[in-house]
2 protein chains.
Amino acid sequence: MLSNSSKYAIKGVLYLAMKSSTEKKILAKELSVPINVPPSYIAKLLQELGKHGIVSSTKGPKGGFYLNEANRIIPLIKIVDVIDGGYRLKSCMLSLSDCNEDHPCPLHKMVGNTKSNFVKQLQETTVNDLVADIKAGNSFLPL
Amino acid sequence: MLSNSSKYAIKGVLYLAMKSSTEKKILAKELSVPINVPPSYIAKLLQELGKHGIVSSTKGPKGGFYLNEANRIIPLIKIVDVIDGGYRLKSCMLSLSDCNEDHPCPLHKMVGNTKSNFVKQLQETTVNDLVADIKAGNSFLPL
DNA sequence: TGAAAAACATGATCTTTATCATATTTAAGA
DNA sequence: TCTTAAATATGATAAAGATCATGTTTTTCA
Ligand code: FES
Ligand code: FES
C-alpha cells in the first residue's frame with residue numbers, strides 16, 4: 001500500500017510536527033532514533049521533502065529541519081506522491097489496467113471503495129489534523 | 001497490499017477455476033498469455049500452490065494444472081498466505097509493532113477497519129465465489 | 001520399453017527498493 | 001575571515017522481489 005519510504009517520510013514529518021518549530025529546528029540524525037529510521041535514510045527523505053516544500057530546513061550551525069505554518073496544512077497525500085510517485089495507491093488490486101467501478105475486477109468489491117476511501121482521507125487530512133488527534137488522545141506515539 | 005506474485009497467483013487460480021476441470025487440464029505456458037504473466041513465472045507460482053494443495057496437477061503428457069472440487073472451496077487468503085507469507089497484510093500502516101485497535105497509530109483511523117475488512121473478505125471468499133460473481137456479470141475478465 | 005511431454009526442483013540473473021557513504025555548499029559564530 | 005555545523009547532491013552498496021533458465025522426474029502412448 002505505502003512503501004517503506006513513504007511510511008518513514010510520514011513518521012518524520014509527524015515528528016517534526018510534534019517537536020519542531022521555526023525556533024526549534026531538529027537535526028536529521030536527531031530524528032532518527034525516536035522514529036526508528038536509519039539516520040542517512042531519513043536525511044535523504046527529508047531533503048526530498050524539502051525540495052518539494054513539504055518540510056522546511058536551514059543549513060549550517062543551528063540549522064536543521066522544521067515545519068512552518070504552511071507546511072502544517074499540507075495534506076498527507078503530498079508526502080506519498082512525492083516519495084512513491086502517485087501511481088502505487090491508485091492501481092487496481094490485480095494490477096489490471098482497464099479497471100474501474102463500472103468494469104470491476106473480481107477482487108474489486110472485496111476491497112470495495114475502501115482503498116479510494118483511504119486515498120480520499122490522505123487528501124483531506126493535513127499534518128495538523130494528525131497532530132490534533134494525537135493531542136486529543138485519539139491516536140498514539142511513539143513512532 | 002498484495003505482492004505482484006500474489007496477484008499473479010490469484011489470476012492463475014481464477015483462470016484455472018474458469019477454464020479447467022479434472023478432465024481438462026491446462027499447461028502453465030498456456031495460461032501465461034491470457035492472464036498476462038510471464039510463462040516461467042506463473043509456472044513457478046503454480047508449483048508452489050500445488051505443493052500446498054491449492055491447485056492440482058499431473059505430470060507428463062496430457063498433464064497440466066487444474067482445480068478439483070476441493071480446490072474450489074479454498075478461501076483466497078490461502079493463496080496470499082502461501083505466496084506472501086501472511087505478514088504483509090496484517091501489518092500496521094506505519095509498520096509500528098505495538099499497534100492495535102486500542103493503541104492506534106496516527107494513520108489507523110484513516111484506513112479504519114477497511115484493511116482488516118479486506119482480510120476478512122479474503123478469508124470468507126472462495127475461488128468458487130469469485131467464479132459465481134463473474135458468471136453473474138458482477139465482475140469481469142480478462143485478467 | 002523407449003521417446004516425448006509435461007510438472008517439479010533448483011538456482012541464476014535482472015530490477016527495484018532500501019540503505020549507506022562521501023564530497024559539496026551554506027550559514028553561524030568566534 | 002576562518003572554522004565548524006549543518007543540509008544538499010550524488011552516487012555506491014545491499015537486500016528483496018521479480019524474472020529467466022536448465023536439468024530432473026513422472027507419465028503417457030506408440
Ligand atoms: S478494478 Fe481491480 S481492484 Fe478495483
Ligand atoms: S495501528 Fe497503525 S494502521 Fe492500525
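Chain naming here is simple, since letters A, B, ... match the order of the sequence lines and numbering starts at 1 in each. Atom set for the values below is all heavy atoms of this structure, side chains included, hydrogens, waters and symmetry mates excluded.
- A heavy-atom distance below 4.5 Å is not found between the side chains of B:Asp133 and B:Asp129.
- Scanning DNA chain D for stems, defined as runs of 3 or more consecutive Watson-Crick or G-U wobble pairs whose donor-acceptor distances all fall under 3.5 Å, gives the following ranges: C:1-30 with D:1-30.
- Phosphate proximity of C:dC8 to B:Ser57: present, with a side-chain N or O under 4.0 Å from OP1 or OP2.
- Both B:Thr58 and B:Asp84 lie near DNA chain D, and the one whose nearest nucleotide falls closer to the 5' end is B:Asp84.
- The residue B:Lys51 sits close only to the backbone: its heavy atoms come under 4.0 Å of sugar-phosphate atoms, none of a base.
- At D:dA18, one or more side-chain N or O atoms of B:Ser5 fall inside 4.0 Å of OP1 or OP2 (strictly under the cut-off).
- Nearest heavy-atom pair across A:Thr58 and A:Lys62 is OG1-O, 4.5 Å.
- For B:Asn4, the side-chain atoms get nearest to D:dA18 when compared with the rest of C:dA6, D:dA18, D:dA5.
- The minimum heavy-atom distance between A:Asn71 and A:Tyr66, with the atom names listed, is OD1-O, 4.0 Å.
- Place A:Tyr8 and A:Gly60 on DNA chain C by their nearest nucleotides, and A:Tyr8 ends up nearer the 5' end.
- For the 3.5 Å distance criterion, the side chains of A:Thr22 and A:Asn68 fail to qualify, holding no donor opposite an acceptor.
- Counting heavy atoms from C-beta on, the side chains of B:Pro104 and A:Phe140 come closer than 4.5 Å.
- Among the heavy atoms of the strands lying under 4.0 Å from A:Ala28 are primed sugar atoms or P, OP1, OP2 only; no base atom is included.
- Among the protein residues, B:Leu27 comes within range of the sugar-phosphate backbone only, with heavy atoms under 4.0 Å from sugar or phosphate atoms but none that close to a base.
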